[in-house]
Each structure stands twice: as structure tokens, then as C-alpha cells.
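Comments concern the structure below.
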Amino acid sequence: MNGNQDGRTDAAVAHLPAAGLVGDAAGTFGGAHKTEDGERPFAEPVLEWFGLVARELPWRRPEAGPWAVLVSEVMLQQTPVNRVLPVYEAWLARWPDPAALAAEPSGEAVRMWGRLGYPRRALRLHQAATAIVERHGGAVPDNLDDLLALPGIGTYTARAVTAFAFRQRQPVIDVNVRRLVARAIEGRAEGPVAVSRKDLALVEDLLPADAETAARASAAFMELGALVCVARAPRCAGCPVRERCAWLLAGSPPADGPARKPQGYAGTDRQVRGRLLAVLREADGPVHATLLDAAWDEPIQRDRALRGLLDDGLAVVLSPGVFALPGDAQAG
DNA sequence: CATGCGTGGGC
DNA sequence: TGCCCAAGCAT
């Protein structure tokens, strides 16, 4: 219950002309999403919708502490929810706090990471756990600056932890929120690539004043972007703010800017690195170079990829021609 | 600011 | 079938 659903009529919010929100000048948005008595006519319908359809995700449970939230946020960087779920559960079962993870070799984190992708995230999460033990007595810090100082934690993740773990009123902008705001508020098909200070101010203006409700609203915005205001084919019919969506009211104009650069994967060093690391991950201990050779035909690219893994600390050389995940040395 | 960095599912 | 996309970060 977030209060004041009663008595809030459509007329009470309809006086906000969506067209008036399609602006450019700084300050156009200031206060535009707050009525005189402090209500947030954008957040409220989204919160109501969230209460009805929100997915039950383990990191949203009350018993999920800051460490669990941090782990989930790092895993969710560029990786879909469904693939994260099983690894998240296994990870926290084995390492229920930062100290438990920090006590093991980083290679174990890389192995547990499995096929989530971008395995350097596992390495950085291990480094973050170590730093949390050393600098913060094993407790995940509750402020932006300390979080940002941890490896693998950037503006999104730091804000997500303060909001979702510590229930602070902080704007949280991920790709979903960026797209939602670009459409609903700015009337454009997609937002700019980088998060600007103005974006933060705009999103903060959408947040209810109460910290707990604001944290919930941040989750609700992300959920709306993930489930309804999706990139490809948005399901506007089920959107709680469709009546005031600037983009919809403008006739859903297509993206104006240049098309995004194609991602490309087949045949790249990334793919080769993935192949090689999969071999190391699935082995119990050190592996001989011949096993890695079998993972990719082209030797120049294979060597370059392997060197990259070594440089990044994702793999180590035990002896000439013998490789392993960091920490697998003792096992062999 | 552009680029590199994994992986797999959906359309 | 390819192509697009997914709760970003570091350099």
C-alpha cells in the first residue's frame, strides 16, 4: 500500500499535458512530476502496476541482504534474469558473505560463474569481496562513494545497491529506465548512450519523497522497462502510463539517431576467449596447451586470446604449456 | 567518448 | 536464419 490511490481521479493527473513534457531547455522537467501536495503522478501508477505484476525474484525478498543484492546486480550486468537465477542461488549458498568468497581463490569464482558471460565480472566480484573485508570489516558499504571505489561497481550498480539493499532515495538508471524515460517523458524512441547529470536529476524528480517508496519506485521503473516498455516491440496496451506517454502521444516516432553498431561475435577474440576459458573452467585442475589448441584452430588468434586471458588474470601459467584458473595450481 | 568484453534466447 | 538484445564496467 502506497497510499492515496483513493480519491486520485484521472482528472487530477490529466491536467499534466504530456506535450508540455517534451522539452529541451533545462528546468523544463523541474517539479513537473509532482503535484502541489507532493504526489508523483508518474510514479504512482507505476507503483500500483508493480504491486500487481512484479516478478518474485530472490534478491527482492526481505531476507536478501546487501551482499545478496550486490551479487545479483553484478550478475545482472548484461545478463538476463533467467540465466542469473540458478547461479545466484548456488553462489550465495556457497559464499553467504564477502568474507567467505574472499577466503577462496579467484578461480573458484570464475568457475562458479559458469556461462553467465563476461567472466571478468566474477574476478572483480572476488576483488570487491576482498576489498570489503579489508576496508569495511566485511560489510557491504552503504554509500555511493565507497561502493564506487570497489572493482566492477559503476554508477548503475552503486546506485542500485544503495536503493535496493539500503532503501535509500537514489535515482537508479539502467538501460530500462533510460528507455522508459526517453519514451514516456521525452517522447523519443530511445535515449542517449551515456547517463548525464541531467538524466539523474530528471529521474530523481520522478521519485516519491519517502525513501522506502522511492526505492520501490526505482525497482518498478526498471520492471516496467523490462516487461512492458521493452526495446523491440513495446506492449503499450498494458502500460500503466500509456495515457501520458509522450512518445505514444507523439505517434511512436522511430529512433532518430544513427543505428547502433552491430555487436558481432562469431570469429571475434571474444568468442575465442570464451572457448578457451570454458576449457579451463570445466577442467578440475590445470590443463595442457594441447587441450586449448583443440578449442580453436587458428593459432595466431588463439594465442592472442590466451594472452588476453592471462593479462586479465582470468588464467595463469603454471609451467610452460600448462594453464589453469587462478588457484587451480594446488589442485594439480 | 568509443571500444572490448560472453553467452544464449527470441523473433 | 541471422540479427537484436540483456539490471554495465573499465580504459
Side-chain angles (χ1 to χ4, degrees), chain A residues 54-55 57-60 64 68-88 110 113-125 127-128 147-165 170-180 189-196 203 215 218-227 229-235 255 257-281 295-296 301 304-305 307-309 311-315:
Chain A
R55 293 169 291 180
L57 301 172
W59 44 85
R60 287 180 182 161
V69 171
L70 174 56
V71 169
S72 77
E73 291 300 340
V74 174
M75 288 183 174
L76 287 164
Q77 292 168 4
Q78 300 283 279
T79 302
V81 165
N82 286 336
R83 219 180 320 158
V84 163
L85 286 169
V87 182
Y88 168 87
V110 174
W113 198 255
R115 308 187 68 80
L116 287 185
Y118 294 142
R120 50 174 55 169
R121 289 182 292 163
L123 216 49
R124 295 196 173 121
L125 190 49
Q127 293 166 355
L147 286 164
L148 285 169
L150 297 173
I153 298 192
T155 53
Y156 162 74
T157 304
R159 290 178 176 281
V161 171
T162 60
F164 303 143
Q170 293 277 6
V172 181
I173 304 185
D174 72 335
V175 65
N176 293 308
V177 176
R178 156 170 314 307
R179 187 175 52 245
L180 174 65
E190 50 186 53
V193 186
V195 177
S196 69
V203 172
S218 288
F221 292 162
M222 288 172 59
E223 191 83 335
L224 186 58
L227 299 183
C229 196
V230 295
R232 202 89 62 95
R235 312 183 228 287
R260 291 218 325 241
K261 205 175 175 184
Q263 212 165 359
Y265 180 63
T268 62
D269 283 9
R270 267 154 95 179
Q271 183 182 23
V272 185
R273 287 168 56 109
R275 290 275 187 88
L276 297 178
L277 197 62
V279 172
L280 297 174
R281 210 168 47 217
W296 194 260
Q301 190 178 26
R304 186 172 63 236
R307 197 152 40 244
L309 291 175
D311 288 345
D312 290 348
L314 285 165

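Just the heavy atoms: all of them, side chains too, but no hydrogens, waters or symmetry mates, feed the values below. In what follows, chains are A, B, ... by sequence order, proteins preceding strands, each numbered from 1. What you are looking at is a predicted structure, and each value in this text was computed from that prediction instead of being measured.
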Is the shortest side-chain heavy-atom distance between [X] and [Y] below 4.5 Å?
{"X": "A/Arg281", "Y": "A/Arg115", "value": "yes"}
{"X": "A/Arg124", "Y": "A/Val74", "value": "no"}
{"X": "A/Val177", "Y": "A/Val172", "value": "no"}

Gap in Å between the two [atom1] atoms, one belonging to [N] and one to [M], rounded:
{"N": "B/dT3", "M": "C/dA7", "atom1": "P", "result": "23 Å"}
{"N": "C/dC9", "M": "B/dG9", "atom1": "P", "result": "24 Å"}
{"N": "B/dC1", "M": "C/dA10", "atom1": "C1'", "result": "13 Å"}

Strictly under 4.0 angstrom, non-hydrogen atoms only: write out the protein contact profile of nucleotides 4-11 of chain C, one letter per nucleotide from the 5' end, B, S or -.
BBBBBSS-
Go through the structure and list residues passing side-chain hydrogen bond (donor to acceptor under 3.5 Å, both in side chains) with A/Arg178, not counting sequence neighbours.
none
Just distance, no hydrogens or angles: give the donor-acceptor pairs under 3.5 Å from side chains in residues 150-159 of chain A, sequence neighbours left out.
residue: A/Tyr156; atom: OH; partner: A/Glu73; partner atom: OE1; Å: 2.6
residue: A/Thr157; atom: OG1; partner: A/Gln77; partner atom: NE2; Å: 2.8
residue: A/Arg159; atom: NH1; partner: A/Gln170; partner atom: OE1; Å: 3.0
residue: A/Arg159; atom: NH1; partner: A/Pro171; partner atom: O; Å: 3.4

In this structure, CZ of A/Arg275 is separated from CH2 of A/Trp296 (nearest 0.5 Å) by 5.5 Å
Suppose the criterion is salt bridge (Lys or Arg N to Asp or Glu O under 4.0 Å): which pairs have a residue in residues 262-272 of chain A, not counting sequence neighbours?
A/Asp269-A/Arg304
A/Arg270 vs A/Arg115, nearer the 5' end of DNA chain B by closest nucleotide
A/Arg270
Could you give the start and end, 5' to 3', of the contact zone on DNA chain B for chain A, using atoms under 4.0 Å from its heavy atoms?
B/dT3 to B/dG10
side-chain contact (heavy atoms from CB on, under 4.5 Å) partners of A/Val81, counting only residues at least two apart:
A/Arg55, A/Leu57, A/Trp59, A/Leu76, A/Leu85
